[in-house]
Engineer: 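Structure below; questions to follow.
Bear in mind the structure is a predicted one, so any value in this text is a computation, not a measurement.
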Amino acid sequence: MKRYIEGEDRHQVTLLPECLEDYVGEDNPVRVVDVFVDGLDLAALGFDGAAPALTGRPGYHPSVLLKIYIYGYLNRIQSSRRLEREAQRNLELIWLTGRLMPDFKTIADFRKDNGPAIRRVCREFVVLCRSLNLFSEAIVAIDGSKFKAVNNRDKNFTPHKLEARMKQVEESIERYLTTLDTIDRTQPAEAKIKSKDLKEKLAKLKGQMKYLEGIGAQLKQQPDGQLSLTDPDARSMATSGRGTGMVGYNVQTVVDAQHHLIVAHEVTNEGHDRNQLSNMATQAKEAIGGEELEVIADRGYYKGPEILKCDEAGITPLVPKTMTSDNKAKGLFDKRDFVYVAEDDEYRCPAGERAIFRFWSFERDMKIAAYWSSNCPRCALQAQCTSSKYRRIHRWEHEGVLDAMQRRLDANPGMMKRRRCTVEHVFGTLKFWMGSAHFLMKTIKHVRTEMSLHVLSYNLRRVMSILGVDGLMKALRFAAA
């Protein structure tokens with residue numbers, strides 16, 4: 001093979017053994033993983049085995065297994081079996097572990113048994129980012145996205161799904177019984193052969209019906225009316241596509257608007273975001289550590305009590321109002337056409353009349369005021385306003401907080417675009433790294449551990465891009481000193 005670059009002879013014996021250090025460059029990201037984990041107090045974080053047992057066979061130090069997992073998630077290797085193979089052949093992992101090669105069961109058990117500690121490690125890195133002043137702008141965006149669970153859609157049941165499946169089985173049974181009758185009447189010579197096959201199918205369908213009836217009994221015991229057989233915590237959730245959905249989890253993230261780092265995250269099995277605003281905003285404020293925080297979210301987070309909690313906590317929310325009224329579609333005036341006059345505590349209607357306060361009522365634990373004008377029956381615009389005798393306008397007792405938020409949004413029309421640019425690409429990146437099967441573990445507590453590893457790897461990559469590998473290692477060494 002002349003005139004080509006040639007490799008070494010596989011049977012060539014070297015006089016001196018090669019050093020592992022020679023295989024890993026100074027700017028290799030695997031060195032960041034090594035320095036980061038070595039700087040952690042694993043016992044304080046709650047890792048099992050951080051203090052060695054006095055008797056029995058020695059085990060692996062948790063730092064070795066944590067390094068394997070962080071390296072794996074950084075390189076889109078989440079499976080414990082794949083990590084076992086990589087530890088045996090991947091030079092970077094061989095360098096990182098010092099030629100230790102745990103089996104897949106040891107690797108898998110570490111992730112399963114140390115979930116809370118792994119989540120604390122993720123928070124520790126956010127604390128480091130705060131110490132590096134990477135959250136100086138104090139503006140974050142919140143969003144949620146649906147991630148697939150280890151649960152096929154056919155293994156998830158709701159009353160509607162169960163009814164549809166039972167109806168389908170009943171129709172199939174009826175069709176086979178009709179076919180059997182037809183064969184008996186029209187094809188007596190072939191009836192025995194064909195009926196045997198059909199009777200076998202009927203027996204399977206009847207067994208399936210009995211199975212579905214058992215599912216129905218279990219479904220009645222579920223508080224939220226859903227039953228998932230593979231992952232009991234996974235739930236069927238609607239997605240953005242019309243008429244589509246998946247069985248999975250709703251992952252919430254809070255992303256810093258300056259450097260696009262994930263400040264806080266949470267995994268829930270609620271299919272909507274309405275109850276998550278104050279929780280995620282409070283977590284973000286604690287993580288960033290500042291006295292002021294501006295939070296941007298989409299319409300799915302619009303809920304009066306949640307916005308009020310943020311306001312009371314010193315957090316400035318920016319959430320556009322939901323358009324739930326169908327009055328515009330009916331050709332009627334919308335509530336936005338009525339102007340609230342705060343000085344007089346009344347509304348001015350499109351006809352210029354005064355809608356004054358009438359009484360208080362309670363709706364979903366919210367104190368609501370009712371307003372209307374006495375001139376409604378004689379108003380020339382009544383046909384455009386209401387089909388009732390009076391047009392009632394309802395106002396929450398803390399509606400002023402919502403009005404102030406709307407004024408802030410009107411003064412900053414580019415905020416929703418900024419939200420999209422800040423948070424939505426994060427979910428795209430995470431889902432791309434995860435592959436077609438998003439989560440590998442079952443139940444919400446283990447899924448939260450998995451998500452923390454993904455978030456930690458994402459943040460590590462972002463900070464390496466911002467500071468460089470050498471800059472991040474210097475910061476890690478300084479923090480550990």
Engineer: For the pair Glu399 and Lys335, evaluate salt bridge (charged side-chain N to carboxylate O under 4.0 Å, His left out) and give the outcome as yes or no after the intermediate values.
Structural biologist: CA-CA 13 Å; Glu399 191 101 10; Lys335 185 180 177 181; 3.5 Å; yes
Engineer: Heavy atoms only: give me the nearest Leu440-Glu450 pair and the separation to one decimal.
Structural biologist: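 Of all heavy-atom pairs spanning Leu440 and Glu450, the closest is N-OE1, 2.9 Å.
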Engineer: Under the rule for side chain to side chain donor-acceptor pair (under 3.5 Å), what residues qualify as partners of Asn28, not counting sequence neighbours?
Structural biologist: Glu92
Engineer: List the atom of Leu293, the atom of Ala281, and the distance in Å for their closest heavy-atom pair.
Structural biologist: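 Closest approach of Leu293 to Ala281, heavy atoms only: CD2-O, 3.8 Å.
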Engineer: State, with a plain yes or no, whether a side-chain heavy atom of Val35 is found less than 4.5 Å away from one of Arg477.
Structural biologist: yes
Engineer: Validate the cation-pi geometry between Lys431 and Phe147: distance from NZ or CZ to the six-membered ring centre under 6.0 Å, angle to the ring axis within 45°.
Structural biologist: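 That pair qualifies as a cation-pi contact.
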Engineer: So, Asp334 side chain and Asp337 main chain: donor-acceptor pair closer than 3.5 Å or not?
Structural biologist: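 Such a contact is absent between Asp334 side chain and Asp337 backbone.
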Engineer: Going from NZ on Lys161 to CD1 on Ile215, what distance comes out if it is rounded to the nearest 0.5 angstrom?
Structural biologist: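 It comes to 12.0 Å.
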Engineer: Please report the interatomic distance CD(Gln283) to CD(Glu266), rounded to the nearest 0.5 Å.
Structural biologist: 5.0 Å
Engineer: Quick one: pull up CZ in Arg274 and OG1 in Thr322 and give me the separation to the nearest 0.5 Å.
Structural biologist: 9.5 Å
Engineer: Using a strict 4.0 Å threshold on nitrogen-to-oxygen distance, state whether Lys417 and Glu424 make a salt bridge.
Structural biologist: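 The answer is no: the pair does not qualify as a salt bridge.
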Engineer: My understanding is that only one of Val150, Val247, Asp233 makes a side-chain contact (heavy atoms from CB on, under 4.5 Å) with Ser228; could you say which?
Structural biologist: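 Going through the options one by one, the only one that passes is Val247.
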Engineer: Any non-hydrogen side-chain atom of Leu42 less than 4.5 Å from a side-chain atom of Ser63?
Structural biologist: yes
Engineer: Counting C-beta onward and ignoring hydrogens, is there a side-chain heavy-atom pair between Val140 and Phe135 closer than 4.5 Å?
Structural biologist: no
Engineer: Any salt bridge between Glu137 and Arg418, counting N to O under 4.0 Å?
Structural biologist: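 The answer is yes: the pair qualifies as a salt bridge.
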Engineer: Can you name the nearest heavy-atom pair linking Tyr69 to Phe110, along with the distance?
Structural biologist: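 Looks like CD1-CD2, 3.7 Å.
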Engineer: Going from CG on Leu277 to CD on Glu306, what distance comes out if it is rounded to the nearest 0.5 angstrom?
Structural biologist: 6.0 Å
Engineer: Is any side-chain heavy atom of Lys67 closer than 4.5 Å to a side-chain heavy atom of Val30?
Structural biologist: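 Heavy-atom side-chain distance check fails, nothing below 4.5 Å.
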Engineer: Going from CG on Asp109 to NZ on Lys105, what distance comes out if it is rounded to the nearest 0.5 angstrom?
Structural biologist: 3.5 Å
Engineer: Would you say that Phe338 contacts Phe333 through its side chain, given a criterion of any heavy-atom pair below 4.5 Å between the two side chains?
Structural biologist: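 Yes - at least one pair of side-chain heavy atoms lies under 4.5 Å apart.
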Engineer: If you define the side chain from C-beta out and look only at heavy atoms, does anything of His454 sit under 4.5 Å from Tyr73?
Structural biologist: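 Yes, at least one pair of side-chain atoms sits under 4.5 Å.
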Engineer: Take atom CD in Gln222; do more than 12 heavy atoms of anything else shown fall under 6.0 Å from it?
Structural biologist: yes
Engineer: What residue among Asp273, Asn279, Thr268 forms side-chain hydrogen bond (donor to acceptor under 3.5 Å, both in side chains) with Gln252?
Structural biologist: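 Of the listed residues Asp273, Asn279, Thr268, the side-chain hydrogen bond (donor to acceptor under 3.5 Å, both in side chains) partner of Gln252 is Asp273.
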Engineer: At their closest point, which heavy atom of Ser278 faces which heavy atom of Cys310, and how far apart are they?
Structural biologist: CA-SG, 3.7 Å
Engineer: For Thr449 and Gly115, work out which heavy atoms get closest and say how close.
Structural biologist: OG1-CA, 3.1 Å
Engineer: Just how far is it from atom CG of Leu66 to atom CG of Leu45, taken to the nearest 0.5 Å?
Structural biologist: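 Nearest 0.5 Å value for the CG-CG distance: 9.0 Å.
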Engineer: Taking only Lys NZ, Arg NE, NH1 and NH2, and the carboxylate oxygens of Asp or Glu, determine whether Arg31 and Glu21 approach each other closer than 4.0 Å.
Structural biologist: yes
Engineer: Can you pull out every ring-ring contact (aromatic ring centres under 6.0 Å, His included) where at least one residue sits in residues 255-283? Sequence neighbours excluded, please.
Structural biologist: His260-His425
Engineer: Under 6.0 Å from the CZ atom of Arg99, do we count more than 12 heavy atoms belonging to anything else shown?
Structural biologist: no
